[in-house]
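The figures here come from the full heavy-atom set of this structure, side chains too, leaving out hydrogens, waters and symmetry mates. For ligands, and for the atoms within them, numbers begin at 1 and follow the listed sequence.
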Amino acid sequence: MHESHAMPPGSGTPPTSPPPPGDSDGLPPDSPRDDDAMRGRDAPPPASTGLLLVVSGPSGVGKTTIVRRVLERFEGVFSVSATTRPRTAVETDGVDYHFLDEKTFQSWIDEDRFLEYAQVFGRSWYGTPREQIDSRLHEGRLVALDIDVQGAIQIRERMPESFGIFVLPPDDEELLRRLRSRGREDEATIERRHAEATREMRIARECGAYDEFVVNDDLDRVVEETIRLVGRRLGSGRA
Ligand code: ADP
Ligand code: 5GP
């Protein structure tokens, strides 16, 4: 897993086993409890509530590529996360991420604007803005989140009816090759992210936040597999 901690920016040394923000029930103290969140994980979501698809996997494994194609099939939408990470040359603010400074990210936390948030790679903060997610789900849309394992654990606690998929690489060398092929980071960053992958995959298997594990060996194959899994969960026969 990435070094990932759900503590506000600037709040000091993060705990080794990060708690979700707020109290022990995993919700911020003033967070409204959705009755839907109290339903069992296996209960099918009502047709009108769409589906929250949580996708995680090591950096460079192919999550963005897969999810874009799945969303095309279901006319779904990608949630745009906020992050304190610097924007890279190939990214656009408001499209790839909302790039925020730490002060602004903290103010979004204070205003309870995140469905989940975490510190990833031990340095930058990432969070899913609540805005538009609830409304899109109520419209019956498929909404996809590309978030790390800590975020997926928070979502599973708050929205047990969400659907979690973890994407695995075919092997270690191929993961490194894909990280390089994105042409986004310098070599030191690539190697640090690669080193996180093994730990992340182990925690993903143990944490219970994922319903399915798929291997991104052949892109067309894994896209079809993911479409089948999502279609089955939607129960719509649209796949
Ligand atoms: P992530 O979102 O997980 O960081 P990306 O979707 O950006 O990963 O993919 C990383 C790189 O790997 C991209 O260059 C993408 O085109 C490539 N890629 C994705 N899936 C495959 C695949 N099955 N075979 C070969 N290359 C792939
Ligand atoms: P990157 O910097 O490569 O775009 O993303 C790094 C990691 O942060 C990825 O594992 C990605 O899934 C995760 N991430 C992106 N957005 C969010 C978010 O909103 N919340 C959480 N918890 N993780 C995120």
Side-chain angles (χ1 to χ4, degrees), residues 1-7 18 20-21 52-71 78-88 90-93 95-100 105 108-109 113-131 133 143-158 164-171 173-186 189-190 192-194 196-197 199-201 203-204 207 209-210 214-226:
M1 188 184 69
H2 311 301
E3 280 304 315
S4 173
H5 304 285
M7 294 273 286
L52 187 64
L53 172 64
V54 174
V55 178
S56 306
S59 229
V61 75
K63 299 180 293 294
T64 314
T65 313
I66 296 167
V67 173
R68 284 200 194 293
R69 287 184 47 183
V70 172
L71 290 177
F78 228 136
S79 158
V80 179
S81 293
T83 184
T84 62
R85 159 169 89 59
R87 185 175 62 81
T88 64
V90 296
E91 291 174 313
T92 307
D93 190 20
V95 175
D96 298 289
Y97 283 104
H98 301 289
F99 292 95
L100 308 181
F105 194 95
W108 284 34
I109 294 173
R113 289 175 66 173
F114 290 122
L115 196 55
E116 61 73 35
Y117 63 93
Q119 190 180 26
V120 182
F121 303 130
R123 49 171 78 178
S124 302
W125 292 85
Y126 293 79
T128 303
R130 291 179 191 282
E131 203 184 0
I133 289 188
V143 181
L145 310 181
D146 169 352
I147 62 176
D148 86 319
V149 176
Q150 283 302 304
I153 292 169
Q154 293 175 48
I155 296 285
R156 180 45 52 102
E157 285 171 352
R158 288 159 203 194
I165 295 184
F166 192 91
V167 183
L168 294 162
D171 58 58
E173 290 73 41
E174 176 61 14
L175 179 60
L176 193 54
R177 203 188 61 72
R178 285 185 200 167
L179 271 170
R180 291 189 173 124
S181 80
R182 291 195 305 187
R184 224 175 65 174
E185 295 107 343
D186 58 36
T189 305
I190 286 171
R192 185 163 44 79
R193 289 184 166 214
H194 181 239
E196 291 284 349
R199 188 165 164 255
E200 179 177 33
M201 290 187 274
I203 294 177
C207 72
Y210 301 98
V214 298
V215 178
N216 183 11
D217 41 17
D218 175 78
L219 187 59
D220 287 339
R221 190 205 62 76
V222 76
V223 166
E224 283 311 312
E225 179 184 3
T226 309

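Taking a 4.0 Å cut-off on heavy atoms, Gln154 fails to register as neighbouring ligand 2. Taking 4.0 Å as the cut-off, Phe114 does not count as a neighbour of ligand 2 on heavy-atom distance. Ligand 1 lies out of reach of Gly57, whose nearest heavy atom is not under 4.0 Å from it. Residue contact annotation: Ser56 has no non-hydrogen atom under 4.0 Å from ligand 2.
Put simply, the residue from Arg178, Arg193, Arg192 that forms a side-chain contact (heavy atoms from CB on, under 4.5 Å) with Ser59 is Arg193.
To the nearest 0.5 angstrom, Leu176 atom CG is 4.5 Å from His194 atom NE2. Note that OG1 of Thr64 is 13.5 Å distant from CZ of Arg69, once rounded to the nearest 0.5 Å. Within the model, atoms CG of Leu145 and OG of Ser81 stand 7.0 Å from one another, a figure rounded to the nearest 0.5 Å. How far CZ of Phe105 is from CG of Leu100: 7.0 Å, rounded to the nearest 0.5 Å. Taken from CZ in Arg182 to OG1 in Thr88, the straight-line distance is 8.5 Å, to the nearest 0.5 Å. With rounding to the nearest 0.5 angstrom, the CD1 atom of Ile165 is 5.0 Å from the OG1 atom of Thr226.
Around atom 20 (N) of ligand 1, the closest heavy atom drawn from Val223, Asp218, Asn216 belongs to Asn216. Across Glu174, Arg180, Lys63, heavy-atom proximity to atom 1 (P) of ligand 1 is greatest for Lys63.
When hydrogens are left out, the protein atom nearest atom 8 (O) of ligand 1 is Gly62 N, 3.1 Å; that is the closest non-hydrogen contact. Looking at atom 26 (N) of ligand 1, its nearest protein heavy atom turns out to be Arg178 NE, 3.6 Å. Closest to atom 7 (O) of ligand 1, if we only count protein heavy atoms, is Arg182 CD, 3.4 Å. With hydrogens left out, the protein atom closest to atom 13 (C) of ligand 1 is Ser181 OG, 3.9 Å, a heavy atom.
Checked by distance only, ligand 2 and Glu91 stay at 3.5 Å or farther apart across all their nitrogen or oxygen atoms. Any N or O atom pair closer than 3.5 Å counts here, and Thr65 shares at least one such pair with ligand 1. In terms of N/O distances under 3.5 Å, ligand 1 is not approached by Asp146. Checked by distance only, ligand 2 and Ala118 stay at 3.5 Å or farther apart across all their nitrogen or oxygen atoms. Checked against a 3.5 angstrom limit, the closest N/O atoms of Thr64 and ligand 1 fall inside it. The shortest N or O to N or O distance between Asp148 and ligand 2 is under 3.5 Å. At under 3.5 Å, not a single nitrogen or oxygen of Tyr117, backbone or side chain, sits near a nitrogen or oxygen of ligand 2.
Without hydrogens or angle criteria, Glu91 side chain to Tyr97 main chain gives no donor-acceptor distance under 3.5 Å. With Arg184 contributing its side chain and Val90 its backbone, the two residues share no donor-acceptor pair below 3.5 Å. Under a 3.5 Å cut-off, the side chain of Glu116 and the backbone N or O of Gly127 do not form any donor-acceptor pair.
The contact set between ligand 1 and Pro58, taken as ligand atoms under 4.0 Å from a residue heavy atom, comprises 3 (O). Near Arg85, the atoms of ligand 2 lying under 4.0 angstrom from a non-hydrogen atom of the residue are 1 (P), 2 (O), 4 (O). Close contacts of ligand 2 with Ser59, meaning ligand atoms under 4.0 Å from a residue heavy atom, involve 3 (O). When each atom of ligand 2 is checked for a heavy atom of Gly151 under 4.0 Å away, the hits are 22 (N). Those atoms of ligand 1 with a heavy atom of Leu219 less than 4.0 angstrom away are 20 (N), 23 (N).
Ring geometry for Phe114 against Trp108 counts as tilted: the plane angle lies between 30° and 60°, on a 0 to 90° scale.
At a heavy-atom distance under 4.0 Å, only backbone atoms of Asp217 (N, CA, C or O) approach ligand 1. Contacts with ligand 2 closer than 4.0 Å are made by no heavy atom of Gln150, backbone or side chain.
Between Val215 and Val222 there is no side-chain heavy-atom pair separated by less than 4.5 Å. Residues Val167 and Ile66 form a side-chain contact, since some pair of their non-hydrogen atoms from C-beta on lies under 4.5 Å apart.
Across every non-hydrogen atom of Lys63 and Pro58, the tightest pair is NZ-O, 3.0 Å.
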